[in-house]
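Structure first, commentary second.
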Amino acid sequence: IQGWGRNDWGQLGVGNYTNQESPAATGFMHADDCGDIIQTAVNQENTIYLRSDGRVLVGGAAGSGRLGNGLTSPSALIPQLITNANIVDI
């Protein structure tokens with residue numbers, strides 16, 4: 001998975017806050033986390049990834065607990081698993 005554009009909250013998941021003018025590979029904590037991503041949802045500060053097995057990963061601004069992964073600030077610079085639930089759509 002690759003992302004580019006504005007990245008001031010780490011929302012691209014590339015491990016830094018640098019804006020990306022060309023596609024950059026998204027980083028994942030564990031190699032198997034990126035397997036079978038079937039859907040993504042984005043906004044100006046966050047990215048959500050849905051895997052085919054129903055697991056959800058999130059990255060970007062974490063203020064006020066908005067990522068749902070227990071962080072409250074400032075950001076998750078690489079996508080992090082938030083649930084093992086059987087989520088079917090984001």
Side-chain angles (χ1 to χ4, degrees):
I1 297 176
Q2 297 184 326
W4 60 95
R6 187 174 164 185
N7 193 39
D8 51 343
W9 291 102
Q11 63 266 41
L12 296 179
V14 297
N16 59 49
Y17 296 109
T18 305
N19 294 338
Q20 303 294 318
E21 294 183 14
S22 58
T26 301
F28 289 90
M29 291 189 73
H30 305 284
D32 65 337
D33 284 346
C34 63
D36 299 324
I37 301 290
I38 59 170
Q39 189 176 8
T40 59
V42 299
N43 64 36
Q44 64 184 9
E45 297 178 350
N46 307 100
T47 303
I48 303 168
Y49 307 85
L50 176 63
R51 291 175 35 129
S52 62
D53 63 4
R55 293 168 56 183
V56 174
L57 295 102
V58 296
S64 302
R66 73 181 80 176
L67 292 180
N69 63 354
L71 295 177
T72 56
S73 66
S75 301
L77 294 179
I78 57 174
Q80 300 187 14
L81 182 68
I82 60 165
T83 181
N84 284 316
N86 191 19
I87 306 300
V88 297
D89 192 26
I90 53 175

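All values reported here derive from a predicted model rather than from experimental measurement. For reference, positions follow the sequence shown, starting with 1.
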(message) Is the shortest side-chain heavy-atom distance between Trp9 and Asn46 below 4.5 Å?
(response) no
(message) Restricting to side chain to side chain contact (heavy atoms under 4.5 Å, CB included), what partner residues turn up for Ile87, sequence neighbours left out?
(response) Leu50, Val56, Thr83, Ala85, Ile90
(message) Closer than 3.5 angstrom, by distance alone: can the side chain of Gln11 be matched with the main-chain N or O of Gln44 as a donor-acceptor pair?
(response) yes
(request) Using the test side chain to side chain contact (heavy atoms under 4.5 Å, CB included), find all partners of Asn19 that sit at least two apart in sequence or belong to another chain. (result) Arg6, Asn7
(request) Mind listing the closest non-hydrogen atom pair of Ser75 and Ala61 along with its distance? (result) OG-CA, 4.0 Å
(message) Give me each pair satisfying ring pair (Phe, Tyr, Trp, His ring centres under 6.0 Å) with a member in residues 40-90, each pair once, sequence neighbours excluded.
(response) Phe28-Tyr49
(message) Quick check against the 3.5 Å criterion: does Thr26 have a side-chain atom that pairs as donor or acceptor with the backbone of Ile1?
(response) yes
(request) For Ala76, check side chain to side chain contact (heavy atoms under 4.5 Å, CB included) against everything at least two apart and list the hits. (result) Leu67, Asn69, Leu71, Gln80
(message) Could you check whether any side-chain N or O of Gln20 sits under 3.5 Å from a backbone N or O of Thr18, counting only pairs where one atom can act as donor and the other as acceptor?
(response) yes
(message) Do Trp4 and Pro23 have side chains that approach each other closer than 4.5 Å (heavy atoms only, starting at C-beta)?
(response) yes
(request) Please examine the side chains of Leu81 and Arg55, heavy atoms only from C-beta on, and report whether any two atoms are closer than 4.5 Å. (result) yes
(request) Any chance you could measure Leu12, atom CG, to Ile78, atom CD1, to the nearest 0.5 Å? (result) 13.5 Å
(message) Filter on salt bridge (Lys or Arg N to Asp or Glu O under 4.0 Å), then keep only pairs touching residues 70-80, sequence neighbours left out; what's left?
(response) none
(message) The criterion is side chain to side chain donor-acceptor pair (under 3.5 Å); which residues satisfy it with Gln39, sequence neighbours excluded?
(response) Asp89
(message) Rounded to the nearest 0.5 Å, what separates atom CD1 in Ile82 from atom CG in Leu57?
(response) 8.0 Å
(request) Quick one: pull up CG in Asp53 and CD1 in Ile38 and give me the separation to the nearest 0.5 Å. (result) 8.5 Å
(message) Restricting to non-hydrogen atoms, name the atom on Pro79 and the atom on Gly27 that form the minimum distance, rounded to 0.1 Å.
(response) CD-O, 2.7 Å
